[in-house]
Amino acid sequence: MILAAGRGKRMRPLTDHTPKPLLPVAGKPLIVWHIERLAAAGIRDLVINHSHLGQQIEGALGDGSAWGVSIRYSVEGEGHALNTGGGILRALPLLGESPFLVLNGDVWCDADMRGLTLPMGALAYLLMVDNPMHHPEGDFHLAGG
C-alpha cells in the first residue's frame, strides 16, 4: 500500500495544484520511483489511497500496467484524508488477508524492498530512516531509540 492522501502543506504552493506524490524528483514523480522499486522487488499488486487532488494520481498512474503492476485505489475523498491508520483501515478490503507493505508515497526511501519478510509470529516490521537535516525532529520517532 502506498499512502498518498496527504495535503502536503509544507510543500505549498507546489501542492496547491499537484498532489505531493506527483511532484517530480530527478525527472519523474516521486510515487513512480516507489512503484518502480516495488515492481523490481516482485511486488505487483498495489493499493494507493488518495484524497487531495486524488483524480490526478489516478490519471497519472492509471491501472499500473505501464510499470508491470496492478493498481487499485482507496478513495478517501477530497478534503477527507483519514490519516495513516484510518487510510490503512479503509483500504483493508483491498489489501486482503496476507501481510502487506505500507509505504509513504511522499517520502524518499531507497531501502531495498527485496527480501523484506515479516518475522514469524510478528504483527509488524517497521523500517525507519534517519530524519533529514532540514527536519531533524521528523514526523515519527521511536522513544528510547
Side-chain angles (χ1 to χ4, degrees), residues 1-132 134-135 137-142:
M1 176 172 190
I2 301 176
L3 300 172
R7 175 74 175 86
K9 291 178 184 175
R10 289 187 295 237
M11 294 295 291
R12 291 179 79 190
L14 296 174
T15 55
D16 285 340
H17 304 288
T18 304
K20 192 173 170 186
L22 290 182
L23 292 175
V25 175
K28 60 184 152 185
L30 179 58
I31 199 168
V32 170
W33 289 99
H34 294 317
I35 292 169
E36 290 174 347
R37 291 183 52 252
L38 291 168
I43 299 170
R44 303 264 188 255
D45 296 317
L46 309 181
V47 172
I48 299 173
N49 73 331
H50 65 71
S51 175
H52 175 64
L53 303 174
Q55 289 306 111
Q56 287 186 32
I57 293 173
E58 289 194 34
L61 305 177
D63 65 2
S65 59
W67 299 278
V69 300
S70 171
I71 298 175
R72 292 183 293 166
Y73 297 94
S74 178
V75 180
E76 296 178 16
E78 189 70 32
H80 295 94
L82 300 172
N83 296 321
T84 302
I88 295 169
L89 182 64
R90 174 170 277 182
L92 282 177
L94 299 173
L95 294 167
E97 298 294 321
S98 298
F100 56 89
L101 175 72
V102 177
L103 181 66
N104 287 323
D106 63 355
V107 175
W108 176 259
C109 175
D110 60 358
D112 187 355
M113 300 297 173
R114 293 172 295 179
L116 283 181
T117 58
L118 189 62
M120 196 65 135
L123 295 177
Y125 180 97
L126 180 63
L127 173 68
M128 297 182 77
V129 297
D130 292 331
N131 291 325
H134 70 274
H135 191 44
E137 296 301 313
D139 294 326
F140 303 97
H141 67 276
L142 294 177

To the nearest 0.5 Å, what is the distance between [atom1] on [X] and [atom2] on [Y]?
| X | Y | atom1 | atom2 | answer |
| --- | --- | --- | --- | --- |
| M1 | L92 | CE | CG | 8.5 Å |
| L95 | E97 | CG | CD | 10.0 Å |
| S51 | L3 | OG | CG | 12.5 Å |

Solution key, residues 22-32 side-chain donor-acceptor pairs under 3.5 Å, sequence neighbours excluded:
residue: K28; atom: NZ; partner: E36; partner atom: OE1; Å: 2.5
residue: K28; atom: NZ; partner: E36; partner atom: OE2; Å: 3.3

Run the side-chain contact (heavy atoms from CB on, under 4.5 Å) test on F100 and D45 for me, step by step, so that the C-alpha distance in whole Å, both residues' side-chain angles and the decisive distance to 0.1 Å come before the verdict.
CA-CA 10 Å; F100 56 89; D45 296 317; over 6 Å; no
Please find the pair of heavy atoms, one from A5 and one from E76, that lie closest to each other, and give the distance.
CB-OE1, 3.6 Å
Can you name the closest pair of heavy atoms from V47 and A91 and give their distance?
CG1-CB, 4.1 Å
In chain order, what residues pass the side-chain contact (heavy atoms from CB on, under 4.5 Å) check against [X], with sequence neighbours excluded?
| X | answer |
| --- | --- |
| I71 | I35, L46, I48, L61, V69, Y73 |
| L101 | L38, I43, M113, L116 |
| P119 | A122, Y125 |

Pairs involving residues 113-123, ordered by first then second residue, that meet salt bridge (Lys or Arg N to Asp or Glu O under 4.0 Å) (sequence neighbours left out):
D112-R114
N/O donor-acceptor pair under 3.5 Å between N49 side chain and S74 backbone:
no
Do any pairs count as a side-chain hydrogen bond (donor to acceptor under 3.5 Å, both in side chains) and have a residue in residues 56-71, sequence neighbours left out, and if so which ones?
H50-E58, D63-S65
